[in-house]
There are 2 protein chains.
Amino acid sequence: MDDVREEFQVLDDYLTKHGLKHSKQRVVVLGHFLDTSGHMTVDDLFRVIRRKHPRIGRTTIYRALKVFVDAQLAEAIELRDGLTRFEHKFLHAHHDHMICTECGTILEFLSPEIERLQDEIAEAYGFAIESHRHQMFGRCQKCTRSRSRSRKKAVGR
Amino acid sequence: MDDVREEFQVLDDYLTKHGLKHSKQRVVVLGHFLDTSGHMTVDDLFRVIRRKHPRIGRTTIYRALKVFVDAQLAEAIELRDGLTRFEHKFLHAHHDHMICTECGTILEFLSPEIERLQDEIAEAYGFAIESHRHQMFGRCQKCTRSRSRSRKKAVGR
DNA sequence: CTACATGCAAAATCTTTGCACCCCG
DNA sequence: CGGGGTGCAAAGATTTTGCATGTAG
């Protein structure tokens, strides 16, 4: 709570506004969430946090992330491994993903042109978009180059 | 096996080619899979099949669908409810989806222009696309109209 | 006959819930 | 104090796996 980053203020405001409590755990989880890559699973985060805060349970992380999603600080994304990952949403514009099925690397991209076409299509169908996701699966540049010596660590099930 | 649809021939060829067996169950599962909407979960299919073939277990359906996916007769898609759904792939061109979060309706769309832009983006990143999915979540025309009397049957978790 | 297929039950995973206890406001 | 929060364990839900048995080729 000695951390005065603006993000914490956002959480603070959200909690107050919704009559929720400002617990120590939530601040810890938010701090670690913001300090990590931004494509973490609950378990990734749990393992990181456990090192410094062994008393914080998985359940709390699940619940904290839900609060963050509601507070627009995080966004849940799903790739193809059955796990939910959480992205930073605060001050992080919308984008979509390219996921390397070889090494798991996640590249972000944004195409205003695609977004526009998407809106046109939805409109043609009378469909009111609330959210979308556009994911490409394949090999990143690095893994395409080293195709021969396949380092197995695929993301798929 | 008195069904001589071309799709069965494709499965037949695939099984033979891969040294797999042409079991009665696989034909039954394929028949029902092809007769249904094409966005079925394993359980949807299981419940339909169970009525006529109570001896066929869930496991067999899981395994049969895996064979169909390998045989390019089906494709696994995931929306946002944690379930894997299976689409008809045979003679069914690639397309993407709009999913109504109100009534669960799935609309299909295809935009060659988006596909082209997508390829350009991937190329710029040196990313070799193997597959992709582009999903929009929101309200279909029908549910947008009847927004007031909300018929709760959402797809989301 | 041999190898793959099946079906049941058990295991594996990820996530949610029940509940007693804790603590913020 | 009171209502939300936490943590543990148990429950849920979906999918996979082990194993004995069945059957296609």
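Labels below follow one simple rule: chain letters A, B, ... track the order of the sequence lines, proteins then strands, and each chain is numbered from 1.
Among B:Val29, B:Asp44, B:Thr36, the one residue that satisfies the side chain to side chain contact (heavy atoms under 4.5 Å, CB included) test with B:Ile49 is B:Val29.
Residues from residues 65-74 of chain A with heavy atoms under 4.0 angstrom of DNA chain D: there are none. Residues from residues 37-47 of chain B with heavy atoms under 4.0 angstrom of DNA chain D: there are none.
With axes fitted over five pairs at each extremity, the angle between the ends of the helix from C:dC1-D:dG25 to C:dG25-D:dC1 is 30° (10° resolution).
Side-chain atoms of B:Thr41 do not come within 3.5 Å of backbone N or O of B:Leu83 as any donor-acceptor pair. In this structure a side-chain-to-backbone donor-acceptor pair under 3.5 Å is present from A:Arg26 to A:Lys21. Between the side chain of A:Thr101 and the backbone N or O of A:Gly138 there is at least one donor-acceptor pair closer than 3.5 Å.
Rounded to whole Å, atom C1' of D:dT14 lies 15 Å from atom CG of A:Asp81. Atom-to-atom, NE2 of B:His18 to C1' of C:dA5 comes out at 17 Å; the value is rounded to the nearest Å. Straight-line distance from the CZ atom of B:Arg50 to the C1' atom of C:dC8: 15 Å, rounded to whole Å. The CD1 atom of B:Ile56 sits 10 Å away from the C1' atom of C:dT6 (whole-angstrom rounding). Protein atom NE2 of A:His53 is 11 Å distant from nucleotide atom P of D:dG7, rounded to whole Å. Atom CZ of A:Arg85 is separated from atom P of C:dT15 by 10 Å (rounded to the nearest Å). When the P atom of C:dC24 is taken as reference, atom CG of A:Asp12 falls 14 Å away, rounded to whole Å. The separation between B:Glu78 atom CD and D:dT14 atom P is 14 Å, rounded to whole Å.
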Between the protein and nucleotides 10-13 of chain C, list the N/O to N/O atom pairs that are separated by less than 3.5 angstrom.
none

Nucleotide N/O to protein N/O under 3.5 Å, stretch nucleotides 18-25 of chain D:
| residue | atom | partner | partner atom | Å |
| --- | --- | --- | --- | --- |
| D:dA24 | N3 | B:Lys21 | NZ | 3.2 |

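A:Gln25 has a side-chain polar atom (N or O) that falls below the 4.0 Å cut-off from OP1 or OP2 of D:dG7. Phosphate proximity of D:dG5 to A:Arg26: present, with a side-chain N or O under 4.0 Å from OP1 or OP2. In terms of phosphate contacts, A:Tyr62 brings no side-chain nitrogen or oxygen within less than 4.0 Å of OP1 or OP2 of C:dT16.
Among residues two or more places apart in sequence or in another chain, the side chain to side chain contact (heavy atoms under 4.5 Å, CB included) test is passed with A:Gln72 by A:Lys89. With sequence neighbours excluded, the residues that form a ring pair (Phe, Tyr, Trp, His ring centres under 6.0 Å) with A:Phe33 are A:His88. Remark: A:Phe46 engages no residue in a ring pair (Phe, Tyr, Trp, His ring centres under 6.0 Å) (not counting sequence neighbours). Take B:His94 and apply the side chain to side chain contact (heavy atoms under 4.5 Å, CB included) test, not counting sequence neighbours, and it matches B:Asp96, B:Leu110, B:Glu115, B:His132. Residues passing the side chain to side chain contact (heavy atoms under 4.5 Å, CB included) test with A:Glu78 are A:Thr84, A:Arg133, B:Arg80, sequence neighbours excluded. The side chain to side chain contact (heavy atoms under 4.5 Å, CB included) test applied to A:Glu123 returns no partner, not counting sequence neighbours.
Looking only at atom types and distance, the side chain of B:Gln135 has no donor-acceptor partner in the side chain of A:His134 under 3.5 Å away. Side-chain atoms of B:His97 and B:Glu108 form no donor-acceptor pair, as typed in the model, at a separation below 3.5 Å.
Using a 4.5 Å heavy-atom cutoff, the side chains of A:Leu107 and A:Thr105 are in contact. A:Phe127 places a side-chain heavy atom less than 4.5 Å from the side chain of B:Met136. With a 4.5 Å cut-off on side-chain heavy atoms, B:Phe86 and B:Glu75 do not count as touching.
Residue pairs meeting the side chain to side chain donor-acceptor pair (under 3.5 Å) criterion with at least one member in residues 53-67 of chain B, sequence neighbours excluded: B:Asp43-B:Arg58.
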